Amino acid sequence: MRVKRTGDDYFDSEEFSNLLEDYEEAVNNGQPVLLDADELTDIADYYHFTGDIEKADEAIEHALSLNPGATSPLVYKIREALAEEDITKAEALLDEILDKNDPEYFYMRAEVLVAQNKIDEADHFLRDYFKTVDADEYNDFVLDVANIYLDYGVNDKAYEWMMRSKGNDSPDFKELMGHVMFGVGKFKDSQRIFNELLDRNPYSTRYWNALANAQFMNEDYGESVTSSEYALAIDPNDADSMLTKANGLYRLNNYEEALKYYQRYEDLMPGFDFNQLQMGICLLNMNRVDEAIEHLKKARELTTEESEYQIQIYQELAFAYSTKGMLKQAMDCLDKTEDMDCDHNDMEVLRGHIMLENGRIAEAEESFKKAIMNSGNAPTVLLRIIVSLYDNKYVEATYTMFQKFFEVVGDDFNDGYSYMALCCWDLKYYDEFLKYLKEAIRRNPHEARVVLAGLFPEGMETEEYYDYMKDRIQS
């Protein structure tokens, strides 16, 4: 037999394929399993990696029945306990490890501390242990510690430990460095590293996905989609590639194609609130409002209080109900957020926006005033209110308010110029349009790209906007 391709060098190797074949033949025929604890843990890791959790647990129990107190299978179980946020169980399993001098024991002690967000305590413990590490194990130790921090999103510490390493040209080192660079927001560096890895191994879905994610975060959405397509060419059923491609297509405003890939992801990985949310937003942008509401309601059913998407789900549902003229249902969605940890001034602006959209001008004005007062006249709140006026077709009022707004916020506030340019374009104030377009590009090119891209040829760079429009207007 051959193991399924995973993108992992060891799991895809003939050595591991033979090991797995020996194990499965013994299990299927009821014969003794003649493998050591480390080999059985590798098999469990493979099953877990490929989604067969039941078989993974069976392999670990085999390992512990043959080798009670063995480090590697207990480390596997400790990580399971940490994934379930069961610190008590993790600490009890840690005590069962017989070899208290095994480096893995020290790593797991540190990981349990990191899982409890005791970062300083964990780092102090690791730095003390670091002093005892032999010189020839120095680099491996540093990388293992960086991996622990990276797994828990403590990216600054992961970067700090990677900077302690002597570095090498191995794929494992470069891959970890690529992920650490991504974690600290150095997306260009991350892209460079994964491109180098792909030069060596162009058939790694893992590398293509990592590159696609770095490109996405660097707002190179077209390139991110292309990298995802390479990953899907290698493995057409890779769920991560589907989701990354869908996200890239969404950012390119290609909602119809994005929806197809969100649906393919849903078929493989059902029950993810984010995916249902994105499908709902795509459908809203395609003006398929009834379908959008069904997906957003499904997202609401799937979400939890801990989900980072909970607030956005209620926001998008409110928008969808408002589009249908279902004002009460829209307000009910916003009411749900009152006791949640969110920007309540932002929610009050949204309430005003929906009131305005439904012709309830007095109520909209009341909500806008409340948001302004509660925020202490925060420029960001004022800007959102002005944008709401524009979205609701009060273009001349928007133009007048922007003139006053820029006088109030002063020269160091760089947001809003793209919206003013758009307003001037609608009003055919072309000289002022060029003036504000130039300011938008200079002050906030990201906003200019998001707000004004629809006026320009697809794929045009932001810095080309002004000359393009100047020639177009004057011709």
Side-chain angles (χ1 to χ4, degrees), residues 7-11 13 38 41-42 45 48-49 70-76 78-79 82-83 90-91 93-94 97 99-201 204 206-207 209-211 213-214 217:
D8 181 275
D9 291 343
Y10 178 57
F11 289 156
S13 68
D38 290 340
T41 303
D42 285 344
D45 284 335
H48 191 279
F49 192 83
T71 302
S72 54
L74 283 169
V75 164
Y76 179 97
I78 292 166
R79 291 203 168 113
L82 292 176
E91 290 177 330
L93 289 165
L94 191 60
I97 293 176
D99 185 0
K100 298 294 194 291
N101 293 315
D102 191 318
E104 284 295 323
Y105 171 77
F106 290 94
Y107 291 139
M108 289 315 303
R109 275 192 63 186
E111 188 168 334
V112 169
L113 290 171
V114 174
Q116 297 174 80
N117 204 33
K118 296 179 179 179
I119 308 302
D120 290 341
E121 188 176 343
D123 212 51
H124 183 75
F125 170 78
L126 287 165
R127 281 188 278 109
D128 279 349
Y129 182 63
F130 189 35
K131 297 170 186 175
T132 70
V133 172
D134 293 338
D136 59 345
E137 296 174 354
Y138 177 100
N139 228 36
D140 288 342
F141 177 82
V142 166
L143 301 188
D144 287 338
V145 171
N147 253 318
I148 292 171
Y149 282 125
L150 190 65
D151 285 346
Y152 286 86
V154 190
N155 298 309
D156 57 337
K157 285 293 181 185
Y159 181 78
E160 181 184 315
W161 278 87
M162 286 298 285
M163 293 303 101
R164 290 188 173 109
S165 74
K166 298 174 182 176
N168 60 60
D169 200 39
S170 71
D172 286 347
F173 175 83
K174 292 178 79 71
E175 182 177 6
L176 180 57
M177 182 63 84
H179 288 303
V180 169
M181 290 298 181
F182 180 92
V184 296
K186 295 177 179 289
F187 304 123
K188 282 289 187 186
D189 288 330
S190 183
Q191 285 178 235
R192 174 182 53 76
I193 291 168
F194 283 109
N195 271 314
E196 290 173 3
L197 286 166
L198 284 163
D199 287 341
R200 298 182 182 182
N201 180 6
S204 170
R206 197 170 71 250
Y207 294 165
N209 279 330
L211 176 61
N213 284 322
M217 293 303 295

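Small disclaimer: the values here were computed from a predicted structure and weren't measured. Start at 1 with the first residue, then count along the sequence.
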Should [X] and [Y] count as side-chain neighbours, where that means a heavy-atom distance under 4.5 Å?
| X | Y | result |
| --- | --- | --- |
| Tyr76 | Asp45 | yes |
| Gln116 | Glu121 | no |
| Arg79 | His48 | no |
| Ile119 | Tyr149 | yes |
| Gln191 | Phe182 | no |
| Leu143 | Met162 | yes |

Measure the [atom1]-[atom2] distance between [X] and [Y] for me, rounded to the nearest 0.5 Å.
| X | Y | atom1 | atom2 | result |
| --- | --- | --- | --- | --- |
| Glu160 | Asn155 | CD | CG | 12.5 Å |
| Arg109 | Lys100 | CZ | NZ | 10.0 Å |
| Thr41 | Leu74 | OG1 | CG | 8.5 Å |
| Leu176 | Asp172 | CG | CG | 8.5 Å |
| Lys118 | His124 | NZ | NE2 | 14.5 Å |
| Trp161 | Leu150 | CH2 | CG | 15.0 Å |

Atom CG of Asp120: over 12 foreign heavy atoms under 6.0 Å: no
Do other residues, nucleotides or ligands put more than 12 heavy atoms under 6.0 Å from Lys186 NZ? no
Using only atom types and a distance under 3.5 Å, with no angle test, would you say the side chain of Asp102 pairs donor to acceptor with the backbone of Glu104? yes
Heavy-atom donor-acceptor pair, Ser190 side chain to Phe187 backbone, under 3.5 Å: no
Which heavy atom in [X] sits nearest to a heavy atom in [Y], and how many Å separate them?
| X | Y | answer |
| --- | --- | --- |
| Pro103 | Tyr129 | CA-OH, 3.7 Å |
| Phe141 | Leu126 | CZ-O, 3.8 Å |
| Ala146 | Ala158 | O-CB, 3.6 Å |
| Tyr207 | Pro171 | OH-CB, 3.8 Å |
| Ile148 | Val114 | CG2-CG2, 4.3 Å |
| Met108 | Leu94 | CB-CD1, 3.7 Å |

Only one of Phe106, Tyr138, Tyr107, Phe125 passes ring pair (Phe, Tyr, Trp, His ring centres under 6.0 Å) with Phe130, and that residue is Tyr138
Decide whether Ser72 and Asp38 meet the rule of one side-chain donor and one side-chain acceptor closer than 3.5 Å. yes
List the steps and the verdict of side-chain contact (heavy atoms from CB on, under 4.5 Å) for Met181 and Tyr159. CA-CA 7 Å; Met181 290 298 181; Tyr159 181 78; 3.9 Å; yes
Salt-bridge contact Arg200-Glu196 (side-chain N to carboxylate O under 4.0 Å): no
